[in-house]
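Structure, as structure tokens:
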Amino acid sequence: MNTEGTTMTTTSMTTTAHDDAQVAPELAGMDLPDKPDGPGAAMMISAGIGIFVLGLLTVLAEASLGWKEWLLKWEWGQGVGPLAGKTTVAALVYFVSLAILWTIWRKKNVKLQKAFYIGLALGALGALGTYPTFFQSFAP
Amino acid sequence: MELTSRETWAVIHGLVLGTLYLLAFGGALAGLWSLRPGLVTTAGIKERMKRLYLGFGAMAVAAWATVITGTWIVYPWYREKIAGKDFAGCTGLELPSATCSPRDFLLSNVSGDTEEWHHYGMEWKEHVAWAAPLLATSAFLLVLYYGPRLIARKWLRTTVIVMLVGSFLAAVVGGALGAFINKVAPIS
């Protein structure tokens, strides 16, 4: 049994074969096929990547006039300012990274705990980057 | 009883979509919290999962709709620079007007010490709120992907709850600061 309460075979980087019905007998009658954890890991890490990019762009826009002007181009004349670029790029990076990681790991059992902590670390750094006292300290 | 177009959009952004998000969050959290072994029959699981998918999906959609309307519709009205460099258009005002946008009003300090509402409150709100839809979408996809398997996987269930609460906290910062700022310098 692993920490998730499921029976698994573990190698150095991957895991295989969940037996959910052993932990929750009520699932036995549902005939659920086993699913690889790769897509789940992709969902966790991509959220962290998206928030990290949001925080990074927020800091870069404060620190560099060049970055601020590039991010401003994403507003398409709507008056949103550099926020348009920061948020649009972060959202795009989130969806693209999700699609890429999902595709790469679609048949693999990537370790979910490792993926979660990577996503959590990236998300925490990104959240720090969006905190005014922090990012305003990078102003020239 | 009358609302201007700008006030209507501010209500849609903050009150309508924000309330929908909060309702969906409550349902999603309660549903996931009780998704444990031994509590639900096989038939009950099938019925409950439909509501869980709907709740998580509604939360993700509401989060995206809230930040998109806030950033692309309401925020440009907030940040208009119409009062001049010395904020002359705000002189003597107690609220923002046609010559003084909410941002101008806060930065001008004509109605007390208000500029930190922009430098701290708005600057934090406008950025961190965008973490909410990213986390809500990933949490929704995790629930959709694993489905009833979450019952057997305590750690994974806890992980989704952590992401759900993270999304909620980002939304709370955005929503609470937005409500306070709209109280001090309303969009009208």
Side-chain angles (χ1 to χ4, degrees), chain A residues 2-6 18-30 32 34-35 37 39-40 42-51 54-55 57-58 75 78-81 83-84 86-88 90-91 94-95 98 102 112-113 115-116 119-120 123 126-127 129-133 135-136, chain B residues 36-46 64 67-68 71-73 75-77 79-81 116 119-124 126-131 133-142 144-160 162-163 166-167 169-170 173:
Chain A
N2 69 359
T3 52
E4 288 183 33
T6 58
H18 306 89
D19 190 2
D20 296 328
Q22 190 179 20
V23 180
E26 58 269 47
L27 296 178
M30 298 186 75
L32 297 170
D34 193 28
K35 280 188 170 183
D37 284 330
M43 295 163 201
M44 293 175 185
I45 293 179
S46 60
I49 291 173
I51 297 169
L54 179 67
L57 291 177
T58 304
E75 70 160 7
Q78 297 301 305
V80 181
L83 181 65
K86 296 172 201 172
T87 56
T88 305
Y94 165 65
F95 283 114
L98 175 63
W102 193 322
L112 280 180
Q113 289 185 341
F116 173 70
L120 184 66
T130 66
Y131 191 68
T133 310
F135 73 75
Q136 286 166 1
Chain B
R36 303 176 189 199
L39 293 183
V40 193
T41 62
T42 303
I45 292 169
K46 290 177 182 172
W64 280 109
V67 295
I68 289 170
T71 300
W72 289 91
I73 298 175
Y75 182 61
W77 295 327
R79 72 184 295 274
E80 285 174 321
K81 294 172 184 172
E116 279 306 302
H119 288 310
Y120 182 81
M122 194 66 192
E123 292 280 15
W124 194 18
E126 73 190 36
H127 293 107
V128 79
W130 275 82
L134 305 189
L135 288 166
T137 303
S138 276
F140 168 56
L141 291 174
L142 280 164
L144 204 61
Y145 182 74
Y146 285 101
R149 297 169 188 82
L150 286 167
I151 294 173
R153 305 188 197 185
K154 183 182 176 187
W155 185 87
L156 183 56
R157 212 167 53 241
T158 306
T159 300
V160 178
V162 168
M163 295 173 77
S167 169
L169 290 176
V173 171

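Just the heavy atoms: all of them, side chains too, but no hydrogens, waters or symmetry mates, feed the values below. Bear in mind the structure is a predicted one, so any value in this text is a computation, not a measurement.
With chain A as the partner, the residue from Pro37(B), Gly44(B), Ser138(B), Pro76(B) showing the most heavy-atom pairs under 4.5 Å is Ser138(B). Ranked by non-hydrogen atom pairs under 4.5 Å with chain B, the options Ala90(A), Gly81(A), Ala127(A), Gly29(A) are led by Gly81(A). For the set Ala21(A), Ser46(A), Ala47(A), the entry with the most heavy-atom pairs within less than 4.5 Å of chain B is Ala47(A). Chain A forms the most heavy-atom pairs under 4.5 Å with one residue out of Leu135(B), Leu141(B), Ile68(B), Ile151(B), and that residue is Leu141(B).
In this structure, chain B has a heavy atom under 4.5 Å from the side chain of Lys86(A), while its backbone stays farther away. Of the atoms belonging to Val173(B), not a single heavy atom falls under 4.5 Å from chain A. When heavy atoms are compared at a cutoff of 4.5 Å, Leu98(A) approaches chain B solely by way of its side chain, counted from C-beta outward. In this structure, the portion of Leu39(B) lying under 4.5 Å from any heavy atom of chain A is its backbone and not its side chain. With a threshold of 4.5 angstrom between heavy atoms, Leu32(A) approaches chain B through its backbone and through its side chain. The parts of Arg149(B) that come within reach of chain A are both its backbone and its side chain, each placing non-hydrogen atoms under 4.5 angstrom from that chain. Looking at Trp77(B), there are no atoms closer than 4.5 Å to chain A (heavy atoms on both sides), in backbone or side chain. For a residue to count as touching a neighbouring chain, one of its non-hydrogen atoms must lie under 4.5 Å from one of that chain's; by this rule Arg36(B) touches chain A with the backbone only. Neither the backbone nor the side chain of Ala42(A) comes within less than 4.5 Å of any heavy atom in chain B. At a 4.5 Å heavy-atom cutoff, Thr158(B) makes no contact with chain A through either its backbone or its side chain.
Atom CG of residue Leu134(B) and atom CG of residue Leu54(A) lie 7.5 Å apart, to the nearest 0.5 angstrom.
When the ring pair (Phe, Tyr, Trp, His ring centres under 6.0 Å) test is applied to Trp124(B), the partners found at least two apart in sequence or on another chain are Tyr131(A), Tyr120(B). For Glu116(B), the salt bridge (charged side-chain N to carboxylate O under 4.0 Å, His left out) test picks out no residue, with sequence neighbours left out.
Asp37(A) and Tyr146(B) form a side-chain donor-acceptor contact under 3.5 Å, judged by distance and modelled atom types alone. Counted by atom type alone, Trp64(B) and Thr137(B) present one or more donor-acceptor pairs between their side chains at under 3.5 Å.
With contacts defined as side-chain heavy-atom distances shorter than 4.5 Å, the pair Met43(A)/Val160(B) does not qualify.
Between Tyr75(B) and Trp130(B), the distance separating the two ring centers is not shorter than 6.0 angstrom.
Taking both residues in full, the closest heavy atoms of Leu83(A) and Glu126(B) are given as CD1-O, 3.5 Å, listed atom of the first, atom of the second, then distance. Shortest non-hydrogen contact noted between Gly50(A) and Tyr94(A) is CA-CB, 4.1 Å.
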